[in-house]
Each structure stands twice: as structure tokens, then as C-alpha cells.
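I have placed the structure first, in the form of C-alpha cells, so that the comments after it can refer back to it.
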Amino acid sequence: EACSDADTQHWLVSLPRPYGRTDAAAYVESARELAATRAGWTWCIADEADRCLGSLSLEGFGGYARRLEIGYWAHPDARGQGVVAEAVRLVTGHVEQHDLADSVIIRCAAENSASRRVAEAAGYIQCGVQPACEPLGDGTLDDLISYTQP
């Protein structure tokens, strides 16, 4: 449902269109591979009834620098409730507690106010802008905003 949502597809142009069960199974398999190769982790953000509220990934392990990147999306029914920001805070705390990286970044399209609010609500601060480099679902390019921990 979330990956077929028009807003999600607008911001995440790498998603297959249309997005079906086979695509969802491939996403789960790619998350397993990411973990198996120790390149990153992916979590499902779920409620008490085990309904998917979103997804969060932490990637970049094993690179030349101790720098990680958090990415996320939210199910349409979970947007604006703070669950993704809380997940970002928890993952960031885990990274800090276990000294897994020297820095963690989040990157969002400039026009994606919801994702930018998540980063800011999780305590990240804007640290840079890359002009006209983030492709959007309508074929245009947006600026890419980078966030880091203070």
C-alpha cells in the first residue's frame, strides 16, 4: 500500500510502477542481503498489531569513512504521527551507544516537507544543499537537502 501511494512514488522514483507483491518480496530480500553483507540494516516500523507504519534503513557500513545514512518512508495512514521521527531517534541512539559511526546523515528532496520535518523532529540539522540533483516522480529535479546530527 505505501509503495503504491502516489506521494511515496513521487518522492522515491526508484520504486517500480506499478508496485506489486513481487516488488515487495524483492524489497524484503534486498534488506536481507544488505544485512547479510553487513552493508546496512532495514527495519519495518510497526504498531502493536504488527501493521506496517513505515520503513527505515541505515546504510553505509564498510565504506571508506565511518559515515552512515538513514532513509525512511511512512505508510499514508501513519504520516504526521511522529512514528518515523521516533524510529530515527532510536536508530540514531543505537548508532551513538555502540559507536558505529562518526556521523549519520539524512538526505531529502527540498520540496519533501514531510521527510524534512522527520529529520528535524529527530534532532538533525540542515548542513548542505545540492542543487537540482534529486529526481522526482514527475520527471523534474529538486534540490537535495542534507541533514546531520548536531
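As a basis for the values below, the full set of heavy atoms in this structure was taken, side chains included, without hydrogen atoms, waters or symmetry mates. Note that this is a predicted model, so its numbers are computed, not measured.
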_With clusters defined by side-chain heavy atoms of hydrophobic residues (ILVMFWY) lying less than 4.5 Å apart, directly or transitively, does Leu68 cluster with Val84?_
yes

_Between Arg107 (side chain only) and Glu69 (backbone N and O only), is there a donor and an acceptor less than 3.5 Å apart?_
no

*Between Arg89 (side chain) and Ala121 (backbone), is there a donor-acceptor pair under 3.5 Å?*
yes

*Can you list every ring pair (Phe, Tyr, Trp, His ring centres under 6.0 Å) pair that touches residues 98-150, not counting sequence neighbours?*
His94-His98

*If you measure from the Lys or Arg side-chain nitrogens to the Asp or Glu carboxylate oxygens, is any gap between Arg79 and Asp7 under 4.0 Å?*
yes

*Compare every heavy atom of Ser115 with every heavy atom of Tyr72, then report the nearest pair and how far apart it is.*
OH-O, 2.7 Å

*asked:* On a heavy-atom basis, which atom in Ala122 and which in Val88 lie closest, and how many Å separate them?
replied: CB-CG1, 3.4 Å

*asked:* To the closest 0.5 Å, what do you measure between CZ (Phe61) and CZ (Arg66)?
replied: 9.5 Å

_Testing the basics here: between Glu134 and Ala109, what is the closest heavy-atom pair and its distance to 0.1 Å?_
CG-CB, 4.0 Å

What pairs of donor and acceptor atoms, side-chain ones from residues 135-144 against any protein atom, are under 3.5 angstrom apart with sequence neighbours left out?
{"unit_1": "Asp138", "atom_1": "OD1", "unit_2": "Thr140", "atom_2": "N", "d": "3.0"}
{"unit_1": "Asp138", "atom_1": "OD1", "unit_2": "Thr140", "atom_2": "OG1", "d": "2.6"}
{"unit_1": "Asp142", "atom_1": "OD2", "unit_2": "Ala110", "atom_2": "N", "d": "3.1"}
{"unit_1": "Asp142", "atom_1": "OD2", "unit_2": "Glu111", "atom_2": "N", "d": "2.7"}
{"unit_1": "Asp143", "atom_1": "OD1", "unit_2": "Ala132", "atom_2": "N", "d": "2.8"}

*Please name the pair of heavy atoms, one in Thr92 and one in Gln149, separated by the smallest distance, quoted to 0.1 Å.*
CG2-NE2, 3.1 Å

_If we check side-chain contact (heavy atoms from CB on, under 4.5 Å) with Leu15, which of these qualifies: Asp23, Thr8, Asp5?_
Thr8

